[in-house]
Amino acid sequence: MPARDTLSGVALDLGGTKLAAARIVHGEIVARVQVPTRGDASAAEQVADMHEIARKVGLESSDRVGLAVAGRVDASGVWRAVNTETLSNLADVNLRRLASDVFERPVTVLNDAQAATLSEYCFGAGHGSDAMAYVTVSTGVGGGLVLGGTLVRSAHGLAGHVGFTTARAGMHRCGSGRRGTVESIAAGRAITAEANRQGHPVQDARAVFEAWHDGAAWAEAIIDGSAAAVAEMCANLTACLGIDRVVLGGGIGLADGYEERIRFHLESEPPLFRPELVLAQLGQDGVLLGALVQPDGND
Ligand code: ADP
Ligand code: BMX
């Protein structure tokens, strides 16, 4: 397990909403740039955007580069969306090879939620857990698992994609093709879609949170439905894997009042199925730091 102060280089975080780059020196972010994600860009265009933003944080030829991306990255480095409505044009490209060509050095690649899982486990809120789940509630609902000190991986890169499990209240089909997924109820996109379905025109989930904090009952119900699905998922993970700690991150996971709603719904589960719930200690920086945790370019 690397110490935080051994991490130096340029890290990229491509989520469904934002693309961020950071220059990291001895585990501290010294420069950071963020732009909106182009969800319909091809893999080559995404890598070109990453290269451009990396140059804005001062990319040098001697820098290590690590990419953390939404979507699954298989053992050979091929990148595919699981939710094809979020990243709609990736076309099965080998991201590790493509990014290594564009950045002119070996580049490490892994899933964004797995990156945050690694950093939270190594030097954040997951430290010391025997069976940890990281859950990001953001554009989608993603995750990662560390069991007995090892990040759970699968050859097709799907392991840890907890948002594609199903929830009791699920009705809608999500961009993975599955019906009633946690992501289809709880994610930022789902919250926005539900508000619009109910006749409240909003651009993003942040506006629904603002309406909730202003006292709107419709907004409270939508956010509560999201939190209930995530709480149910945490109990399911505990039943399957003996999870003892869930680390919660992402723009929505870390939003004001959200964690308390999950906690409330976890209380209705029998004690055996209630993991400890803690907020991500590294906040929105966990993905960026985790992108540099991988030492060898394999994931
Ligand atoms: P990404 O999914 O690109 O990693 P985020 O983690 O910021 O990005 O998640 C994006 C989602 O989180 C969007 O739906 C956005 O509206 C929502 N969001 C971000 N910040 C907040 C906030 N402070 N309060 C409520 N929702 C937020
Ligand atoms: C989705 C899925 C995951 C990703 C997670 C969080 C896609 C495009 N995304 O479940 O791979 O880790 O969202 O990503 O299939 P974010 O965009 O919410 O940060």
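Nothing fancy with the numbering, it's 1 onward along the sequence. Predicted, not measured: the structure shown is a model, and the values here were computed from it. In each ligand, atom 1 is the first atom listed, and ligand 1 is the first ligand listed.
- No more than 12 heavy atoms of other residues, nucleotides or ligands sit less than 6.0 Å from atom CZ of Arg97.
- The ligand atoms of ligand 1 that sit less than 4.0 angstrom from a heavy atom of Ala255 are 24 (N), 25 (C).
- Taking every heavy atom of Val82 and a limit of under 4.0 angstrom, the matching atoms of ligand 2 come to 7 (C), 15 (O).
- At a heavy-atom distance under 4.0 Å, only side-chain atoms of Gln284, from C-beta outward, approach ligand 1.
- Heavy atoms of other residues, nucleotides or ligands lying less than 6.0 angstrom from NE2 of His127 number 12 at most.
- Between Glu260 and Phe264 there is no side-chain heavy-atom pair separated by less than 4.5 Å.
- Close approach of ligand 2 to His161 (heavy-atom distance below 4.0 Å) involves ligand atoms 3 (C), 11 (O).
- Shown here for Leu248 and Tyr258, the closest heavy-atom pair between the two residues is CD2-CD2, 4.4 Å.
- Smallest separation of non-hydrogen atoms from Ile24 and Ala11: CD1-CB, 3.9 Å.
- For atom 26 (N) of ligand 1, the nearest non-hydrogen atom from the set Arg206, Glu210, Lys18 belongs to Arg206.
- Counting heavy atoms only, Thr17 comes closest to atom 13 (C) of ligand 1 of the residues Thr136, Leu14, Leu19, Thr17.
- Nearest protein heavy-atom contact of atom 5 (C) of ligand 2 is Gly142 CA, 3.6 Å.
- Shortest non-hydrogen contact noted between Thr165 and Arg178 is CA-NH1, 4.0 Å.
- The pair Asp285-Arg32 meets the salt-bridge criterion, with a side-chain N (NZ, NE, NH1 or NH2) lying under 4.0 Å from an Asp/Glu carboxylate O.
- The two residues Arg245 and Ala125 come nearest to each other via the heavy atoms NH1-O, 2.8 Å.
- In Thr139, the parts holding a heavy atom less than 4.0 Å from any atom of ligand 2 are both the side chain and the backbone.
- The local environment of CZ in Arg197 is crowded, with over 12 non-hydrogen atoms from other residues, nucleotides or ligands closer than 6.0 Å.
- For ligand 2, one of its N or O atoms has an N or O atom of Ser138 under 3.5 Å away.
- Protein heavy atom closest to atom 17 (O) of ligand 2, with residue, atom name and distance, is Gly16 N, 2.7 Å.
- Nearest to atom 17 (C) of ligand 1 by heavy-atom distance, out of Asp256, Thr86, Thr37, Ile252, is Ile252.
- Closest approach of Ala54 and Val10 over heavy atoms only: CB-CG1, 3.9 Å.
- Going from atom CG of Leu12 over to atom CZ of Phe103 covers 5.0 Å, rounded to the nearest 0.5 Å.
- Within ligand 1, the atoms closer than 4.0 Å to a non-hydrogen atom of Thr139 are 1 (P), 2 (O), 3 (O), 9 (O), 10 (C), 11 (C), numbered from 1 in the order shown.
- Of all atoms in ligand 1, numbered sequentially from 1 with element shown, those under 4.0 Å from a heavy atom of Asp204 are 16 (O).
- Close contacts between ligand 2 and Asn83 involve ligand atoms 7 (C), 8 (C), 15 (O) [criterion: under 4.0 Å to a heavy atom].
- In the displayed structure, His172 atom NE2 is contacted under 6.0 Å by more than 12 heavy atoms of other residues, nucleotides or ligands.
- Taking every non-hydrogen atom of Ser138 and a distance limit under 4.0 Å, the qualifying atoms of ligand 1 come out as 2 (O), 5 (P), 6 (O), 9 (O), 11 (C).
- The protein atom (non-hydrogen) at minimum distance from atom 14 (O) of ligand 2 is Asp112 OD2, 3.2 Å.
- Distances from atom 25 (C) of ligand 1 to the heavy atoms of Trp212, Phe209, Tyr258 show the closest one on Phe209.
- By the 4.0 Å heavy-atom criterion, Ala81 is counted among the residues contacting ligand 2.
- Looking at ligand 2, you'll find an N or O of Gly140 within less than 3.5 Å of one of its N or O atoms.
- Here's the thing with Gly71: one of its N/O atoms is less than 3.5 angstrom from an N/O atom of ligand 2.
- In terms of protein heavy-atom proximity, atom 27 (C) of ligand 1 is nearest to Gly251 O, 3.6 Å.
- Atoms of ligand 2 lying under 4.0 Å from any heavy atom of Glu183, numbered from 1 in the order shown and given with element: 1 (C), 10 (O), 13 (O).
- By the criterion of a heavy-atom distance under 4.0 Å, the backbone of Val141, and not its side chain, is placed next to ligand 2.
- Atom-to-atom distance recorded for Leu292:CG and Thr108:OG1 is 6.5 Å, nearest 0.5 angstrom.
- When all heavy atoms of Ala186 and Ala229 are compared, the pair lying nearest together is CB-CB, 4.4 Å.
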